[in-house]
Amino acid sequence: MTIATPHLGSPAGAWTDAQLLYALEEVVEKELNRHLQVAKDWMPHEYVPWSDGRNFPGLFEDGEAWEKEQSKVTEIGRIALIVNLLTEDNLPSYHHEIASLFGRDGAWGTWVHRWTAEEGRHGIVMRDYLLTSRAVDPDKLEQFRMSHMSEGFESDNRHSMLHSVAYVAFQELATRISHRNTGHQSGDPVCDRMLARIATDENLHMVFYRNLLKAAFELAPDLTMQAVRDVVVNFRMPGHGIPGFERAAAQMAIGEVYNMRIHHDDVLQPVLRFLKIMEIDGLGPEGLKAQEELGLFMGGLDSEASKFDEKLAARKARMAARAAGA
């Protein structure tokens with residue numbers, strides 16, 4: 001790997017985004033080629049139950065108004081599907097941000113456009129499925145989309161290429177887990193298959209960024225450790241600006257689609273373990289401080305997740321008791 005070093009006379013360990021982009025170019029090319037070899041193209045229309053579709057009111061006189069009972073999707077599945085789709089809908093903003101940070105040239109640019117094209121399929125197939133299967137109110141879905149996209153989206157990590165790479169390494173896995181658990185909870189095998197297909201893409205995206213983050217640790221361990229610390233401690237899903245997100249997130253937590261325990265065990269821990277984050281040595285004072293703060297945060301999050309687990313178990317016991325007494 002060709003390594004670009006910081007300018008002479010600059011503080012030890014000081015890297016500009018441009019220097020890191022150049023230094024990581026060969027890693028990006030390697031990971032891009034690996035991705036293209038293992039990624040499988042798929043057709044969104046093959047995952048949609050078109051024969052179940054019928055007209056909605058509007059231009060068609062025979063249009064049938066939407067009612068919740070028309071779909072086999074569970075209530076928690078419906079809530080999670082709306083959140084997941086509205087998150088995917090902000091793809092233009094995500095593309096703008098990573099194209100601005102990573103550039104449009106060379107291997108970085110090829111990856112940016114390939115990633116965008118793959119992510120575009122997710123929104124296409126999810127919306128087609130939701131409307132065809134009548135899983136959601138189409139009018140409200142469009143109102144939510146307009147409201148969400150009209151607000152625009154700016155990532156918490158847009159100030160730094162390194163922070164952005166660290167963020168997406170975790171966020172892509174979080175998205176994969178959210179899609180997969182939504183499928184499991186949806187009550188519809190067709191929905192489950194569709195979201196499993198999407199989750200496979202998200203996992204490959206996570207692997208790309210995770211491996212890139214590992215290479216960044218080899219180049220700039222102190223800066224990378226600080227970036228990982230910042231991202232983990234302040235992590236928010238990209239859908240946090242969706243109308244009613246807090247309530248939907250709470251319902252998804254109770255419904256075991258995505259909660260603190262899942263975030264700790266299935267998202268943060270796997271990436272941190274792969275990076276062997278607590279075993280990295282040769283760090284300077286700032287890197288060591290970030291490493292220690294990261295360890296303390298993970299311990300605290302585990303404790304909070306255990307409290308949540310207890311409350312969730314108690315809630316399930318109460319519901320079971322009510323059902324038995326009914």
Electrostatic pair R261-E256, nearest N-O below 4.0 angstrom | no
Closest heavy-atom pair, S71 versus R134, reported as atoms and distance to 0.1 Å, is CB-O, 3.1 Å
Salt bridge flag under 4.0 Å for residues R180 and D192 | yes
Check whether I82 and I124 end up in the same hydrophobic cluster, where Ile, Leu, Val, Met, Phe, Trp and Tyr are linked by side-chain heavy atoms less than 4.5 Å apart.
-> no
Is the shortest heavy-atom distance from the side chain of V165 to the side chain of L20 under 4.5 Å?
-> no
Does atom CZ of R315 have more than 12 heavy-atom neighbours from other groups under 6.0 Å away?
-> no
Verify same cluster id: V228, L288 (apolar side-chain graph, 4.5 Å) | yes
Side chains of E31 and L212: does their closest heavy-atom pair fall under 4.5 Å?
-> no
Check: W111 ring centroid to Y209 ring centroid under 6.0 Å | yes
Starting at CG of L173, measure out to CD of Q269 and round the result to the nearest 0.5 Å.
-> 12.0 Å
Considering only NZ, NE, NH1 and NH2 on the basic side and carboxylate oxygens on the acidic side, decide whether E142 and R145 come within less than 4.0 Å.
-> yes
How many angstroms lie between atom NE2 of H159 and atom CG of D230, to the nearest 0.5 angstrom?
-> 6.5 Å
For V125 and P44, which heavy atoms make the closest approach, and how far apart are they?
-> CG2-O, 3.3 Å
Determine whether V168 and L204 fall in the same hydrophobic cluster, where Ile, Leu, Val, Met, Phe, Trp and Tyr are linked whenever their side-chain heavy atoms lie under 4.5 Å apart.
-> no
Under 3.5 Å, is there a donor-acceptor pair between the D188 and S133 side chains?
-> no
State the CD-CE distance between E292 and M278, to the nearest 0.5 angstrom.
-> 8.0 Å
Run the numbers on D17 and S160 for side chain to side chain donor-acceptor pair (under 3.5 Å), then give the verdict.
-> CA-CA 7 Å; D17 275 3; S160 159; 4.6 Å; no
Please step through side chain to side chain donor-acceptor pair (under 3.5 Å) for the pair H163 and Q226, ending with a clear verdict.
-> CA-CA 9 Å; H163 280 72; Q226 292 172 73; over 6 Å; no
Which atom names give the shortest non-hydrogen contact between A253 and F308, and what distance separates them?
-> O-CZ, 3.6 Å
For L24 and A215 the tightest heavy-atom approach is CD2-CB, 3.9 Å
Is the number of heavy atoms from other residues, nucleotides or ligands within 6.0 Å of CG (D105) greater than 12?
-> no
Would you give the length of the straight line joining atom CD of E118 to atom CG of L91, rounded to the nearest 0.5 angstrom?
-> 11.5 Å
Does a side chain donor of either E172 or W115 reach within less than 3.5 Å of an acceptor in the other side chain?
-> yes
Can K307 and E310 be said to form a salt bridge (Lys or Arg N to Asp or Glu O under 4.0 Å), step by step?
-> CA-CA 5 Å; K307 293 176 185 176; E310 292 171 5; over 6 Å; no
For the hydrophobic clusters of this structure (ILVMFWY residues joined by side-chain heavy atoms under 4.5 Å, transitively), does one cluster hold both V233 and L301?
-> yes
Side chains of F297 and R229: does their closest heavy-atom pair fall under 4.5 Å?
-> no
Would M206 and M237 show up in the same hydrophobic cluster when neighbours are defined by side-chain heavy atoms closer than 4.5 Å?
-> yes
How far apart are the closest heavy atoms of A169 and V271, and which atoms are they?
-> O-CG2, 4.0 Å
Please report the closest heavy-atom contact between I277 and M225, naming both atoms and the distance.
-> O-CE, 3.5 Å
Donor-acceptor side-chain pairing of W50 and Y129 below 3.5 angstrom | no
Audit row: E97, R158, salt bridge (Lys or Arg N to Asp or Glu O under 4.0 Å) steps and yes/no | CA-CA 7 Å; E97 189 160 296; R158 61 189 180 279; 5.6 Å; no
Got a sec: does the NE2 of H96 have more than 12 other heavy atoms crowding it under 6.0 Å?
-> no
Which word best sums up how the rings of Y47 and W42 line up, parallel for under 30°, tilted for 30 to 60°, or perpendicular for over 60°?
-> perpendicular
Look up atom CD1 in I254 and atom CG in L312, then write down how far apart they are to the nearest 0.5 Å.
-> 7.5 Å
Just checking, any donor-acceptor pair under 3.5 angstrom between side chains of H122 and D201?
-> yes
If we only count heavy atoms from C-beta on, is the Q291 to I280 side-chain gap below 4.5 Å?
-> yes
Just checking, any donor-acceptor pair under 3.5 angstrom between side chains of Q251 and E75?
-> no
Looking only at side chains, do Q171 and T175 share a donor and an acceptor under 3.5 Å apart?
-> yes
Assess the side chains of H179 and E88: does a donor N or O sit below 3.5 Å from an acceptor N or O?
-> yes
Would L36 and R114 count as a side chain to side chain contact (heavy atoms under 4.5 Å, CB included) if you check the C-alpha gap in whole Å, the side-chain angles of each, and the deciding distance to 0.1 Å?
-> CA-CA 9 Å; L36 294 175; R114 173 72 189 200; 3.8 Å; yes
Could you tell me whether the side chain of L81 reaches within less than 4.5 Å of the side chain of L195, counting heavy atoms only?
-> yes
Does the pair K316 and M319 meet the rule for a side chain to side chain contact (heavy atoms under 4.5 Å, CB included), with working shown?
-> CA-CA 5 Å; K316 287 181 178 179; M319 293 178 67; 5.7 Å; no
Contacts of T116 that satisfy side-chain hydrogen bond (donor to acceptor under 3.5 Å, both in side chains) - sequence neighbours left out = H95
Using distance alone, with no hydrogens and no angle criterion, decide if D139 and W66 have a side-chain donor and acceptor under 3.5 Å apart.
-> no
Rounded to the nearest 0.5 Å, how far does CG of N90 lie from CD1 of I242?
-> 8.0 Å
Is any side-chain heavy atom of E218 closer than 4.5 Å to a side-chain heavy atom of T224?
-> no
Is it true that D41 and R121 make a salt bridge, defined as a side-chain N closer than 4.0 Å to a carboxylate O?
-> yes
